[in-house]
Amino acid sequence: MQTDGVRIFGSETSPQLSIVIPTYNEAENIVPLLESIKSKISKIIHAEIIVVDDNSPDGTGVIVDNYIKNNGFAQNEGNINIKVIHRKQKTGLIQAILEGVSYAKGKQVLIMDADFSHPPEIIPKIIETSQKNDVSIIIASRYTNGGSIQGWSLKRRILSLAANHIARRSLNVPNVKDPMSGFFAFPRELIQNTNFDTKGYKILLELLVKERNAKIIEIPYAFTDRKSGKSKMNLGIILDYVQSVWQLYRYGKNANPNSFNRSARFFSKAARFFTVGASGLLVNYFVSILLSSGLFTKMWYMESTLVGIVASITSNFILNKIWTFDDRNFSPFHLIKQYLSFLCICSLGAIMQLSLVYGLVETGNSYELSLLFAVIVSSISNFILNKILTFKEKIYD
Ligand code: GDD
Ligand code: MN
């Protein structure tokens, strides 16, 4: 049978499990993988395997066609059927996977890579877990206890850990250890009402963010880098990732206001504090120039500089009080106390900046870098100390 490039062989009673395997240039891997999966599960479950190939130049799709044709096993063993979906174009991993899932008939769907990074030995464990537990999403996990990664360069590891951290924090899935796994199972029903709208690799992440009520179990496994063929990961896919976090952000925001908003509030206050700081530089500059210009008065330049500094500290204080920290207590005693505290902390910051620059330049660093570092450190300390001591807030409020 051939429907728009789809071949279906074997018995057509509904399988319990559909395994969706996206492929792009996996000629060396795909047949050994199909053999391996078959040997691991044909005795325990009735399953279909759906290979979704994006017209691989190395002929992966045709290889699977021939494999199905030349092997009577689909009919003989009855338990495992194999299909290929030939997509005409490579339009992204998520799209390929979703197209595969749209052909799936199993109660459960399992997604996995074709390059043996996802060991077929784990599939029976996934099946067992889904049969024994009332869970929705089962994740084969590199980062849960007992999981590991073999054969990745330090750079790829760091990239993965960073992406993982960003996803868990900013999209608010802190309890999932490996939300970026490409090896996971879920009931087919679960995604019937889910709209996927990101590009790139991270379909599980999108599922987790949009199906927040799903129960999740992670099963550890050792991810092993592919032995044959090449990873399709590239800069474009990393940028897709950044874009999808951006797109998914609002789903994280609505999920758990408490833990999420804390860091959002912290960063938005920091941003306001630094904006006020920048406005202070302008105030400082223009007040000093104005006072020495003779337009109203002609001060000695050292006096006008001093007044400029005081003016900018004062305007910074007022703006931070009202805008950054939203503090509306204007009783005189309170105001004076706060102003003095703000003044002390800013002076402390200045002293800190001076000593840092001195220490760094004297130990052989360039002035530009030393100054940059010192400015960053002292403005962060200014922000945090004023937040805690002057405006009496907790660090994360
Ligand atoms: N049909 C199709 N179309 N398949 C694709 C495409 C595509 O555009 N891009 C990649 N694939 C297939 C590959 O042939 C392979 O079977 C699988 O998708 C994963 O691609 P790899 O290129 O091997 O990805 P990876 O090893 O770098 O990344 C893996 O680990 C990531 C975790 O950091 C994947 O499992 C990712 O899903 C996972 O997020
Ligand atoms: Mn891979």
Side-chain angles (χ1 to χ4, degrees), residues 5-10 17-42 47-74 77 80-97 99-101 103 109-124 126 140 142 148-153 155-157 159-160 180-185 200-201 203 221-238:
V6 182
R7 285 160 188 273
I8 302 175
F9 283 81
L17 176 69
S18 301
I19 303 179
V20 174
I21 307 177
T23 58
Y24 191 75
N25 287 348
E26 302 289 359
E28 290 158 79
N29 292 315
I30 190 65
V31 168
L33 182 76
L34 292 172
E35 291 275 306
S36 171
I37 296 177
K38 188 191 79 172
S39 76
K40 301 286 182 311
I41 65 169
S42 66
E48 63 177 353
I49 302 177
I50 303 177
V51 175
V52 193
D53 187 67
D54 285 6
N55 199 10
S56 295
D58 75 354
T60 305
V62 182
I63 292 173
V64 183
D65 280 337
N66 292 334
Y67 175 74
I68 295 169
K69 226 181 288 170
N70 299 334
N71 284 272
F73 81 83
E77 292 181 18
I80 311 288
N81 301 329
I82 302 180
K83 305 174 185 183
V84 192
I85 297 175
H86 295 277
R87 299 175 82 223
K88 292 196 182 68
Q89 265 173 356
K90 187 171 184 297
T91 57
L93 186 54
I94 292 191
Q95 278 63 36
I97 291 173
E99 190 160 338
V101 173
Y103 286 92
V109 177
L110 170 68
I111 315 287
M112 71 186 289
D113 291 354
D115 58 359
F116 281 98
S117 285
H118 299 159
E121 299 81 84
I122 304 295
I123 304 175
I126 295 177
R142 299 162 293 174
S148 65
I149 296 176
Q150 266 131 43
W152 264 7
S153 64
K155 186 176 139 204
R156 178 88 202 244
R157 275 170 201 271
L159 220 70
S160 169
M180 325 279 268
S181 176
F183 193 11
F184 60 99
Y201 264 37
I203 185 166
Y221 80 102
F223 180 102
T224 329
D225 198 19
R226 56 165 73 236
K227 303 276 176 313
S228 325
K230 273 206 208 108
S231 167
K232 283 89 207 169
M233 178 65 74
N234 57 30
L235 185 64
I237 288 169
I238 297 175

Whether the side chain of [X] engages the backbone of [Y] through a donor-acceptor N/O pair (distance < 3.5 Å, no angle test) should be reported.
{"X": "Asp113", "Y": "Asp115", "value": "no"}
{"X": "Ser36", "Y": "Pro32", "value": "no"}
{"X": "Asn25", "Y": "Lys230", "value": "no"}
{"X": "Ser56", "Y": "Asp58", "value": "no"}
{"X": "Thr60", "Y": "Ala27", "value": "yes"}
{"X": "Arg157", "Y": "Ile149", "value": "yes"}

[atom2] on [Y] to [atom1] on [X], rounded to 0.5 Å:
{"X": "Asn55", "Y": "His86", "atom1": "CG", "atom2": "NE2", "value": "9.0 Å"}
{"X": "Ile19", "Y": "Ile37", "atom1": "CD1", "atom2": "CD1", "value": "5.0 Å"}
{"X": "Thr23", "Y": "Ile85", "atom1": "OG1", "atom2": "CD1", "value": "10.5 Å"}
{"X": "Asn71", "Y": "Ile82", "atom1": "CG", "atom2": "CD1", "value": "7.5 Å"}
{"X": "Ile30", "Y": "Leu33", "atom1": "CD1", "atom2": "CG", "value": "5.5 Å"}
{"X": "Ile97", "Y": "Ile50", "atom1": "CD1", "atom2": "CD1", "value": "12.0 Å"}

Residue pair [X] / [Y]: nearest heavy atoms and the distance that separates them:
{"X": "Ile41", "Y": "Ala47", "value": "CD1-CB, 4.0 Å"}
{"X": "Lys90", "Y": "Asp54", "value": "CA-OD2, 3.3 Å"}
{"X": "Val52", "Y": "Ala96", "value": "CG1-O, 3.4 Å"}
{"X": "Gly229", "Y": "Glu28", "value": "N-OE2, 4.2 Å"}
{"X": "Ile203", "Y": "Phe184", "value": "CG2-CZ, 3.6 Å"}
{"X": "Arg226", "Y": "Ser231", "value": "NE-N, 3.4 Å"}

Going by side chain to side chain contact (heavy atoms under 4.5 Å, CB included), Leu34 matches just one of Val51, Asn29, Ile68, Ile63. Which one?
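Exactly one pass, corresponding to Val51.
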Sequence neighbours left out, what passes salt bridge (charged side-chain N to carboxylate O under 4.0 Å, His left out) with Asp53? Give chain and number order.
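For Asp53, no residue satisfies salt bridge (charged side-chain N to carboxylate O under 4.0 Å, His left out) once neighbours in sequence are set aside.
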Taking only residues two or more places apart in sequence or in another chain, which ones pass salt bridge (charged side-chain N to carboxylate O under 4.0 Å, His left out) with Lys232?
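Counting only residues at least two positions away or on another chain, Lys232 forms a salt bridge (charged side-chain N to carboxylate O under 4.0 Å, His left out) with Glu26.
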Side chain to side chain contact (heavy atoms under 4.5 Å, CB included) for Ile122 and Met112? Distances and angles first, verdict last.
CA-CA 11 Å; Ile122 304 295; Met112 71 186 289; over 6 Å; no
Atom CD of residue position Gln95 - does it have more than 12 heavy atoms of other residues, nucleotides or ligands inside 6.0 Å?
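Yes, the 6.0 Å shell around CD holds more than 12 heavy atoms from other groups.
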So does Gln150 have more than 12 non-hydrogen atoms from other groups sitting under 6.0 Å from CD?
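For Gln150, atom CD is crowded (more than 12 foreign heavy atoms under 6.0 Å).
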For Tyr221 and His118, take the angle between the two ring planes, folded into 0 to 90°, and tell me which bin it lands in: parallel under 30, tilted 30 to 60, perpendicular over 60.
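Tyr221 vs His118 ring planes: perpendicular.
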Do Arg142 and Phe183 make a side-chain contact, defined as non-hydrogen atoms from C-beta onward lying under 4.5 Å apart?
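A side-chain contact under 4.5 Å is absent here.
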Side chain to side chain, Leu93 and Tyr24, heavy atoms closer than 4.5 Å
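When only atoms from C-beta onward are counted, Tyr24 and Leu93 do not touch, as no gap falls below 4.5 Å.
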For Tyr103, is the NZ or CZ atom of Lys83 found under 6.0 angstrom from the centre of its six-membered ring and inside 45 degrees of the ring axis?
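The answer is no; the distance or angle limit is not met.
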